[in-house]
Amino acid sequence: MIIGKSRKELEKMRAAGQLVGRVLQALRRMVEPGITTLEVDRAAEKMIRDAGALPTFKGYHGYPFSICASVNEQVVHGFPSNYKLKEGDIFSIDVGATLEGFVGDTATTVPVGKVSPELLQLIRVTEECLERAIKECYQGKHLGDIGYAVQSLAESQGYAIVRDYVGHGIGRRMHEDPQIPNYGTPGKGAKIKNGYVFAIEPMVNIGTHLTRVLSDGWTVVTADGKPSAHVEHTVAITEEGPQVFTRVAESELEEVKIAGV
Ligand code: MF3
Ligand code: CO
Ligand code: CO
């Protein structure tokens, strides 16, 4: 069942989204060769708690951390660890926060130091896939329109779309109906309505679309060990068009830098 949100609920979701969007921007600025992914996790948890929110991931089906930290061939759900990021890595940070009962969920993939043009292009296209998906977020469109927007761009650039993991509805719970695949057929799938809120999250691979899970039970990697990128926004469908709750306004980025949140 897809849970539509009232105006009031959407405003709360915007607040949760803005908080976690700011946290993600602050984490992004911490990334440099030598920092461990666990240090990034610790910083995320502190920022979220200091803002009066809860790190949604911690304890979710037993997940032990506040962020997912997925490096290079890791697709999603990587464990933060003592691994020191090194020049040339790409690092996907996924973070969630629950504020006043509502969840925001967002992710980005960050180049560590100087990164190959091949990987920068992968990130750029993955980001553009998300932007195209957001442009489909109107009442009357279908989930297949979102999936098609992501898939058609990624595949036209020679990349593969992960099918084993998908985006999702979001609200009081991180994962609500419907599932939002990053592939699809225009005009197919459930009809989109105002008041729906979606976490849209393209996962784009350089090689095969196939994945496997490491023995920690969580970390998803590409089956061929080639790199993967992942980005995510929490987006509301409204009469005024798509509202990207986890997007931080350009004018506020400087503030994020100064305050550390
Ligand atoms: N935030 C992830 C997603 O985008 C899910 C994380 S699972 C958790 O759907 F266990 F780490 F919380
Ligand atoms: Co996420
Ligand atoms: Co998500």
Side-chain angles (χ1 to χ4, degrees), residues 2-3 5 13 16-25 27-28 37-38 40-42 44-45 47-49 53-71 74-81 91-99 102-110 123 126-127 129-130 133-134 137 143 146-147 150 161-183 196-204 211 213-214 216-221 228-237 242 244-248:
I2 304 178
I3 305 170
K5 278 80 184 172
M13 291 203 69
Q18 284 291 292
L19 165 60
V20 79
R22 282 162 169 258
V23 167
L24 188 64
Q25 290 301 330
L27 299 176
R28 197 172 225 291
T37 56
L38 199 54
V40 178
D41 179 77
R42 296 278 177 267
E45 179 162 359
M47 284 187 271
I48 291 167
R49 292 196 190 278
L54 292 170
T56 315
F57 298 2
K58 210 165 197 179
Y60 183 86
H61 293 281
Y63 187 80
F65 300 98
S66 297
I67 66 168
C68 297
S70 309
V71 183
Q74 298 177 350
V75 180
V76 287
H77 306 164
F79 277 4
S81 73
F91 175 35
S92 146
I93 309 171
D94 190 343
V95 61
T98 307
L99 181 67
F102 287 92
V103 182
D105 185 9
T106 184
T108 190
T109 297
V110 195
I123 295 173
T126 306
E127 287 172 343
C129 285
L130 178 54
I134 291 167
C137 288
L143 293 182
I146 292 179
V150 173
I161 287 291
V162 171
R163 291 164 173 265
D164 298 337
Y165 302 88
V166 294
H168 48 93
I170 182 168
R172 289 188 178 273
R173 295 173 174 275
M174 175 163 59
H175 292 150
E176 293 183 353
D177 285 343
Q179 295 199 341
I180 316 222
N182 294 300
Y183 51 89
Y196 288 0
V197 186
F198 295 158
I200 304 176
E201 45 184 316
M203 290 151 259
V204 179
T211 67
V213 179
L214 297 187
D216 62 22
W218 281 96
T219 309
V220 178
V221 298
S228 179
H230 171 225
V231 298
E232 177 176 27
H233 271 310
T234 296
V235 184
I237 289 83
V244 186
F245 285 163
T246 44
R247 183 160 5 241
V248 180

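All ligand and atom numbering here is 1-based and tracks the order in the structure.
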Could you go through ligand 1 and note, for every N or O atom, any protein N or O atom closer than 3.5 angstrom, writing the atom names and distance to 0.1 Å, or 'none'?
residue	atom	partner	partner atom	Å
ligand 1	1 (N)	Asp94	OD1	3.4
ligand 1	1 (N)	Asp94	OD2	3.2
ligand 1	1 (N)	Asp105	OD1	3.0
ligand 1	1 (N)	Asp105	OD2	3.4
ligand 1	4 (O)	Asp94	OD2	3.2
ligand 1	4 (O)	Asp105	OD2	3.1
ligand 1	4 (O)	Glu201	OE1	2.8
ligand 1	4 (O)	Glu201	OE2	2.8
ligand 1	4 (O)	Glu232	OE1	3.0
ligand 1	4 (O)	Glu232	OE2	3.1
ligand 1	9 (O)	His168	NE2	3.1
ligand 1	9 (O)	His175	NE2	2.7
ligand 1	9 (O)	Glu201	OE2	3.2

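- Distance alone, capped at 3.5 Å, places no donor-acceptor pair between the Ser228 side chain and the Gln74 backbone.
- Here His168 meets the criterion, with an N, O or S atom under 2.8 Å of the Co ion (ligand 3).
- Checked by atom type, the side-chain pair Tyr60/His175 shows a donor-acceptor distance below 3.5 Å.
- You'll find the side chain of Pro178 reaches within 4.5 Å of the side chain of Leu143, heavy atoms only.
- Here the N, O or S atom of Asp105 that is nearest to the Co ion (ligand 2) is OD1.
- Here the side chains of Tyr165 and His77 are in contact, with some heavy-atom distance below 4.5 Å.
- The shortest heavy-atom contact between Asp94 and His230 is OD2-CE1, 3.3 Å.
- Within Glu201, the N/O/S atom positioned nearest the Co ion (ligand 3) carries the name OE2.
- The ring of Phe57 has its center no closer than 6.0 angstrom to the ring center of Phe65.
- For Glu232, the N, O or S atom with the smallest separation from the Co ion (ligand 2) is OE1.
- Taking 4.5 Å as the limit, some side-chain heavy atom of Ile3 sits within range of a side-chain heavy atom of Lys5.
- Distance alone, capped at 3.5 Å, is enough to place a donor-acceptor pair between the Thr246 side chain and the Thr234 backbone.
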